[in-house]
Visitor: 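Here you go, one structure.
The analysis underlying the following values was restricted to heavy atoms, covering all of them including side chains, and did not include hydrogens, waters or symmetry mates. Heads up: numbering here begins at 1 and tracks the sequence.
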Amino acid sequence: MFENHHAMYTHLVLTEKLWKHLEEVDMECNDMMDMLTVRMAEREGVTEYLKSVDQLGWVRKMNSIRSRAEEVVLHDLIYMD
């Protein structure tokens, strides 16, 4: 991927904007992860009540949700061309 974005990378390094760009991407990824996790949990009925009555089930479901949300974020924000 570096080969495809060499010019952008070089520009960001030379203008000393690389860290700001990386921070913005990180914030956008975290915001999208939070939003997707909440929406998926609501849609799939993963609630605080479930957490109180079946902790292991809640953990399993939340791990699955987070994993799927991470795949979406990686695909949409990181690996996009």
Visitor: With a 4.5 Å limit on heavy-atom distance, are the side chains of Trp58 and Val53 in contact?
Guide: no

Visitor: After noting the C-alpha distance and the side-chain angles of Thr37 and Met62, does the key distance pass the side chain to side chain contact (heavy atoms under 4.5 Å, CB included) rule?
Guide: CA-CA 8 Å; Thr37 301; Met62 286 305 294; 3.7 Å; yes

Visitor: For the atom pair OG1 (Thr10) and CG (Leu18), what is the distance rounded to the nearest 0.5 Å?
Guide: 10.5 Å

Visitor: Between atom CG of Asp76 and atom CD of Glu71, what is the distance when rounded to the nearest 0.5 Å?
Guide: 11.0 Å

Visitor: Sub-3.5 Å donor-acceptor pair from the side chain of Asp54 to the main-chain atoms of Leu50, do we have one?
Guide: no

Visitor: Measuring from atom CD of Glu42 to atom CD1 of Ile65, what distance do you get when rounded to the nearest 0.5 angstrom?
Guide: 10.0 Å

Visitor: Decide whether Met27 and Met33 are clustered together by the hydrophobic rule: side chain heavy atoms of Ile, Leu, Val, Met, Phe, Trp, Tyr closer than 4.5 Å, transitively.
Guide: no

Visitor: Hey, are the side chains of Val73 and Glu28 touching, using non-hydrogen atoms and a 4.5 Å cut-off?
Guide: no

Visitor: Rounded to the nearest 0.5 Å, how far apart are CG of Leu14 and CG of Leu12?
Guide: 9.0 Å

Visitor: Starting from the C-alpha separation in whole Å, work towards a yes-or-no answer on side chain to side chain contact (heavy atoms under 4.5 Å, CB included) for Ser64 and Arg68.
Guide: CA-CA 6 Å; Ser64 173; Arg68 288 181 280 136; 3.3 Å; yes

Visitor: In terms of hydrophobic clusters joined by side-chain contacts under 4.5 Å, are Val46 and Val38 together?
Guide: no

Visitor: Kindly determine whether Glu24 and Lys20 satisfy salt bridge (charged side-chain N to carboxylate O under 4.0 Å, His left out), including the steps that lead there.
Guide: CA-CA 6 Å; Glu24 290 170 0; Lys20 181 169 177 39; 3.2 Å; yes

Visitor: Any side-chain heavy atom of Val25 within less than 4.5 Å of one from Ile78?
Guide: yes

Visitor: Find the distance between CG (Asp34) and CZ (Arg66) and round it off to the nearest 0.5 Å.
Guide: 10.0 Å

